[in-house]
Amino acid sequence: MQKLGDFKLPQFFNYPPYFTLQPVRDTREKQVQLWKELILDYCRTQKIFVIGLEEEFPLFSNPAIERSLSHEAREAFLSALVSEGRAEWLDKRHRKCLILWHRIQEWANIILNFVKENGLEDSVMTVEEIRSGIESRGTELHGIDRTILMRALKLLEQKGKLAIFKGTTADDEGVKFSI
Amino acid sequence: MAGNCLEAAELTGSGRPTSPTFLTSKSGLLILTTHRLLWLSDSATASSGASAIPLASISHIFSAKKSLKSMFASPRIRFQLSVSPDGRVSSSGSGSGSRSVVVTVVVRGKGGDLDVFLTKFWDNWRGRAWETANADVTSGLNALMSKAREMVMLAEKREQKLLSGSTSQSGGGRDEELGSNKRARLVAECWYYIARHQRVCWCPVSPTIVPLSDFVRIPLERAGGMMNLIDIYCLFNRARGTELISPEDLLQACSLWEKFDVPVMLRKFDSGVMVIQNKSHSDEEIFARIKTLVTKPDALRTGVSASDAAITLGIAPGMAKEHLLTAESKGLLCRDISPDGFRFYINLFPEIDPNNVYLVKDYGVYDTWSRVASASG
């Protein structure tokens, strides 16, 4: 079985039509579905949060069969993820795409569990501490994309689980949990 | 042609035939036209027993000798023919390697007025009607080509003018005018193409006008039951020789078929390509053959191109591509576009389980494909 780093690729990754955007509706729906699954799986295991459409992305080409996705195809597959709430365009021109293998709500739950497991229910942490501190090491939160983390924190803030406040430096913010 | 009708008669040094041999059927009808001398034997059927000599291949007609001897002998017609080295009648005249033979037709029994026949024969031969027909067509095509070129240019100019200026004009009217102009241009381009094509592949064929549906039957069979309309157009006009019909006439004639009980029909593909096909022609049969083709080990691995399919199906590549596209639209195939070209593969997508992308079931084409693909990789 072919691999991309430590990621196991499915058989159909060597099927040339998988890399050509199919024009027939039923065929395309199935193709899009398979690409969505593969993109999410790959990003989850490789901890990839952002895909740049104009940059090299290992999953979008297969040197073994000398095929790669066209720009149109990349945009089509990512747009399909966006329409399901599994991704978001970061710019109007669709050059960068944020991949949400966990939805924002799921990330918010992960944060809640993290807080409870570490007994941080009334504590104060900076956003950077959540992303790269000792407490988050070994959890899914470690190395999380800052945009996603902020979105999840804001969701929790709306629900009254925490308060976000400006930190001492302009580029870091603090979080006061109250669970 | 003379091979099955008139055997070559060798000349001696004095210009007399060495062995005046003749055909098996001695009784028949000799017909003279402005282009040919035809022999219909009494036992002639549609497929055999009729032969012709093009007048163009005759290099000399001997005048009848008026002698005492000829009063008592059966009247005869003698003429000299150019034949190619392999003994076939050639209308190209005395080219390199061509030979001459003298043919003698002996008329026995009540054969009508031979003198009148001989005079007519002489006149027709000297008239060289076949040359004028050719010349007419060539000059006609030249005129058509330049006219078509003029029309294309005119249409282009009008289109540019319409697109560039006068936004004051109401949008609807302008669009309509653009549309009709585009159509005019298309027709002109079509004419130009036909005229050019016609010139290249010109060959003199009997200018008989046959009903279109009869005419297309044989070429259709040869092409596997389906032909592009433009090919039919070329063939038909080539057969007519002069008085070419227009693309609209052809389309109209084909559109009329559905009202009549004819074995052929006009069909328009999703791509817009129009074809003529036998009514007995079945897409299912074609699809079955395509399926067999694309599930062969080589095709599983590398797919098939339109020309691969054309060879296997015994049809023109353009038609093969239409069939492949139709099979694709039915979900039988899917496409692969790469620098290697446009290829079609058996559609494996329906067999893949989206909930378990690593699963390859032990049966089905996906399994076969996996084994073929991993064996090669």
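This is a predicted model, so every value here is computed, not measured. Any value given below was found using the heavy atoms of this structure, including those in side chains, with hydrogens, waters and symmetry copies removed. Within every chain, numbering begins at 1; the chains are lettered A, B, ... in the order of the sequence lines, protein sequences first and strands thereafter.
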Novice: Between B:Phe349 and A:Tyr15, what is the ring plane arrangement, given parallel below 30°, perpendicular above 60°, and tilted in between?
Specialist: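 B:Phe349 and A:Tyr15: perpendicular rings.
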Novice: Using heavy-atom distances under 4.5 Å, tell me whether B:Asp340 contacts chain A through its side chain, its backbone, both, or neither.
Specialist: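 Just its side chain gets close to chain A.
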Novice: I'd like to know if the side chain of A:Gln22 and the backbone of B:Cys334 have a donor-acceptor N/O pair within less than 3.5 Å.
Specialist: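 Side chain of A:Gln22 to backbone of B:Cys334, a donor-acceptor pair under 3.5 Å: no, none is there.
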Novice: Tell me if the NZ atom of A:Lys176 is crowded by more than 12 foreign heavy atoms within 6.0 Å.
Specialist: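 Enclosed.
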Novice: Using side-chain heavy atoms (C-beta onward) and a distance below 4.5 Å, is A:Pro23 in contact with B:Glu328?
Specialist: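 A side-chain contact exists here, since the closest heavy-atom pair is under 4.5 Å.
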Novice: Quick check: closest heavy atoms across A:Thr20 and B:Asp336, and the distance to 0.1 Å?
Specialist: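 Closest approach of A:Thr20 to B:Asp336: OG1-CA, 3.5 Å.
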Novice: Which atoms of A:Phe13 are under 4.5 Å from chain B, going by heavy atoms: the side chain, the backbone, both sets, or neither?
Specialist: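 Answer is neither: A:Phe13 stays 4.5 Å or more from chain B.
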Novice: Should we say atom CD of A:Glu72 is surrounded by more than 12 heavy atoms from elsewhere, each under 6.0 Å from it?
Specialist: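 No, CD of A:Glu72 has 12 or fewer neighbouring heavy atoms, counting only those of other groups under 6.0 Å.
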Novice: Pick one of side chain, backbone, both or neither for B:Pro350, based on which atoms fall under 4.5 Å of a heavy atom in chain A.
Specialist: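 When you check distances to chain A, only backbone atoms of B:Pro350 fall under 4.5 Å.
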Novice: With a 4.5 Å limit on heavy-atom distance, are the side chains of A:Pro16 and B:Arg343 in contact?
Specialist: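 Result no, sub-4.5 Å side-chain heavy-atom pair not found.
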Novice: Using heavy-atom distances under 4.5 Å, tell me whether B:Ile346 contacts chain A through its side chain, its backbone, both, or neither.
Specialist: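 For B:Ile346, backbone heavy atoms alone lie under 4.5 Å from chain A.
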Novice: Do any of residues 34-53 of chain A have a heavy atom less than 4.5 Å from a heavy atom of chain B, and if so, which, in residue order?
Specialist: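 Interface residues of residues 34-53 of chain A: A:Leu34, A:Glu37.
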Novice: If every non-hydrogen atom of B:Trp369 is compared with every non-hydrogen atom of A:Asn14, which pair is closest and at what distance?
Specialist: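 In terms of heavy atoms, the two residues are closest at CZ2-O, 3.5 Å.
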Novice: Counting only non-hydrogen atoms closer than 4.5 Å, does A:Gln33 touch chain B with its backbone (N, CA, C, O), its side chain (CB onward), both, or neither?
Specialist: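 Just the side chain, heavy atoms under 4.5 Å.
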Novice: Could you tell me whether the side chain of A:Lys30 and the main chain of B:Pro354 form a donor-acceptor pair under 3.5 Å?
Specialist: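 It does not hold such a pair.
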Novice: Under a 4.5 Å cutoff for heavy-atom pairs, which residue among A:Asp26, A:Thr27, A:Leu21 has the most contacts with chain B?
Specialist: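 The option with the most such pairs is A:Thr27.
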Novice: Any non-hydrogen side-chain atom of A:Phe12 less than 4.5 Å from a side-chain atom of B:Val357?
Specialist: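 A side-chain contact exists here, since the closest heavy-atom pair is under 4.5 Å.
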Novice: Answer yes or no: are there more than 12 heavy-atom neighbours, outside A:Glu66 itself, under 6.0 Å from its atom CD?
Specialist: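 For A:Glu66, atom CD is not crowded (no more than 12 foreign heavy atoms under 6.0 Å).
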Novice: Mind listing the closest non-hydrogen atom pair of A:Gln11 and B:Tyr366 along with its distance?
Specialist: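 Looking at all heavy atoms of both residues, the shortest contact is CB-OH, 3.3 Å.
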Novice: What pair of heavy atoms forms the shortest contact from B:Tyr358 to A:Pro10, and how long is it?
Specialist: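 Scanning both residues completely, I find the closest heavy atoms to be CE2-N, 3.6 Å.
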